[in-house]
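Beneath this line is the structure, given in structure tokens, with notes to follow.
If you read the sequence from its start, that first residue is 1, and numbering goes on from there.
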Amino acid sequence: MNIERLSLDQLRVFAQVADSGSFLAAARALTRAQSAVSYAISTLEGQLGLPLFDRSSYRPQLTAAGIELLRDARQVLDQVDALQARAAAYAQGQELEITLALDVFFPTSALVTLLGDFRQAFPGVTVRLEIEALGAVAERVIDGEAMLGVLGTLPIIPPNLLHVSLPTVLLVGVVAPSHALAQISGRIPSHVLEQQVQLVLSDRSALTANQDFSVHSALAWRMSDLGTKHALLRAGLGWGYMPQHVVADDLASGRLVRIQTTGHPPQGAALPMQCVYRPDREVGPALSWWLDALAKLTSLG
């Protein structure tokens with residue numbers, strides 16, 4: 001068996017004969033002579049050392065080996081076609097991969113919809129997602145690791161980034177119903193908040209090192225993962241601010257309750273979201289799609 005001499009053309013002929021049901025029909029589909037198709041299959045069988053078709057009946061039938069190897073042949077052909085499509089797109093200026101840095105407050109439902117639409121528009125472009133908090137999103141964009149970022153928990157926009165304003169996310173104060181703060185009606189005084197553990201997001205970026213945002217308590221527990229913060233809130237281990245879309249089901253079911261804090265609007269604070277990117281970033285078709293799609297959003301959550 002001489003596998004090294006296998007060609008893509010042989011595999012395409014193999015797949016076409018299987019699809020067409022006969023050598024003659026395959027020859028017509030490939031606009032070749034039937035003898036050329038028969039020779040390609042015979043040569044392939046000789047190189048593999050296996051019969052791919054049973055020719056004992058009127059129409060050739062795939063052998064057991066042919067059925068199994070046809071799957072492999074189709075996989076190879078699909079990969080080659082994808083490679084050629086990606087190479088052609090790249091030659092025309094289209095990116096092969098998009099890297100996005102998104103704030104933890106960006107709604108997952110909105111992200112899923114955007115990714116679904118993006119895959120339809122650019123099926124050959126892969127996506128790398130980095131979910132971060134505070135300055136880590138901007139830092140990824142500034143360092144060039146991410147092509148585009150969406151800021152939320154960082155209240156300032158670094159001056160060296162271009163930005164596009166997005167819809168806001170509503171931020172609400174919540175605790176478990178068993179928590180001491182849940183028993184207080186109306187606004188909770190600052191001196192009371194200071195005595196309770198506050199769960200806050202943090203990150204390891206240099207942009208926000210040693211900086212706190214909306215921290216009211218000296219007893220602050222810090223974490224970089226929103227899911228962990230959510231779980232600790234539901235367990236009654238502290239109080240904190242959360243995007244309303246994340247805790248909507250908890251509020252409806254009573255697993256969490258809203259609290260009003262000093263300096264925080266009673267109905268929740270509207271947190272600005274910003275799309276940011278470097279001014280020297282070359283904007284290809286895929287990145288341009290994301291900029292346009294984000295700018296067209298009318299609501300988040």
Side-chain angles (χ1 to χ4, degrees), residues 1-102 108-131 145-148 282-290 293:
M1 180 170 60
N2 188 1
I3 298 296
E4 293 182 0
R5 295 180 56 193
L6 294 181
S7 69
L8 290 174
D9 183 70
Q10 288 174 312
L11 298 182
R12 293 193 189 281
V13 173
F14 175 30
Q16 188 61 60
V17 172
D19 292 339
S20 301
S22 72
F23 291 96
L24 178 59
R28 290 171 177 169
L30 296 170
T31 63
R32 301 185 187 182
Q34 182 177 349
S35 58
V37 170
S38 298
Y39 178 76
I41 296 299
S42 297
T43 303
L44 179 60
E45 290 175 324
Q47 291 169 340
L48 294 175
L50 291 168
L52 300 176
F53 292 96
D54 180 356
R55 300 167 175 78
S56 61
S57 59
Y58 175 70
R59 290 184 179 276
Q61 301 293 322
L62 284 166
T63 62
I67 293 173
E68 294 299 324
L69 294 177
L70 180 60
R71 297 192 185 100
D72 296 333
R74 292 195 193 280
Q75 185 176 14
V76 171
L77 292 172
D78 288 344
Q79 290 176 341
V80 170
D81 290 342
L83 172 64
Q84 291 175 331
R86 281 166 59 82
Y90 186 72
Q92 297 173 5
Q94 181 177 299
E95 307 91 329
L96 297 183
E97 181 179 82
I98 287 288
T99 304
L100 308 175
L102 302 176
T108 301
S109 59
L111 177 60
V112 170
T113 299
L114 287 167
L115 288 171
D117 293 342
F118 178 75
R119 188 173 66 174
Q120 291 293 323
F122 297 92
V125 179
T126 58
V127 177
R128 183 183 301 274
L129 296 175
E130 298 182 359
I131 309 301
E145 296 178 9
M147 300 176 176
L148 179 149
E282 182 177 347
V283 179
L287 181 56
S288 179
W289 185 97
W290 276 100

Checklist outcome for this item: Sequence neighbours excluded, the answer for salt bridge (charged side-chain N to carboxylate O under 4.0 Å, His left out) partners of R55 is E45

Checklist outcome for this item: Between A18 and L62, the two heavy atoms sitting closest are CB-CD1, 4.2 Å

Item to check | Contacts of L115 that satisfy side chain to side chain contact (heavy atoms under 4.5 Å, CB included) - sequence neighbours left out | outcome: L111, V127, L129, W290

Item to check | Which residues share a salt bridge (charged side-chain N to carboxylate O under 4.0 Å, His left out) with D54, sequence neighbours left out | outcome: none

Next on the checklist: If we ignore hydrogens and angles and just use 3.5 Å, is the side chain of Q10 paired with the main-chain N or O of S7 as donor and acceptor?
Outcome noted: yes

Checklist outcome for this item: Of all heavy-atom pairs linking G21 and P60, the shortest is O-CD, 3.6 Å

Next on the checklist: Has T113 got a side-chain atom pairing as donor or acceptor with S109's backbone, closer than 3.5 angstrom?
Outcome noted: yes

Checklist entry - R74: what forms a salt bridge (charged side-chain N to carboxylate O under 4.0 Å, His left out) with it, not counting sequence neighbours? => result D19

Item to check | Test applied, side chain to side chain contact (heavy atoms under 4.5 Å, CB included); reference residue, L148; option that passes from L100, I98, V283 | outcome: L100

Checklist entry - What distance do L11 atom CG and L77 atom CG have between them, rounded to the nearest 0.5 Å? => result 5.5 Å

Item to check | Nearest-0.5 Å distance that lies between atom CD in Q61 and atom CG in L52 | outcome: 13.5 Å

If you look only at distance, which donor and acceptor atoms sit under 3.5 Å apart when one is on a side chain in residues 116-125 and the other is two or more places apart or in another chain?
none

Checklist outcome for this item: Heavy atoms of M147 and L287 approach each other most closely as CB-CD1, 4.1 Å

Show the atom names and distances, to 0.1 Å, of all donor-acceptor pairs under 3.5 Å that link a side chain in residues 33-43 to residues at least two apart or in another chain.
residue, atom, partner, partner atom, Å
S38, OG, Q34, O, 3.1
S42, OG, S38, O, 3.0
T43, OG1, Y39, O, 2.8

Checklist entry - From L44 CG over to Q47 CD, what is the distance, rounded to the nearest 0.5 angstrom? => result 6.5 Å

Item to check | Donor-acceptor contact below 3.5 Å, side chain S20 vs main chain S22 | outcome: no

Checklist outcome for this item: When rounded to the nearest 0.5 Å, the distance separating CG of L70 from CZ of F53 is 7.5 Å

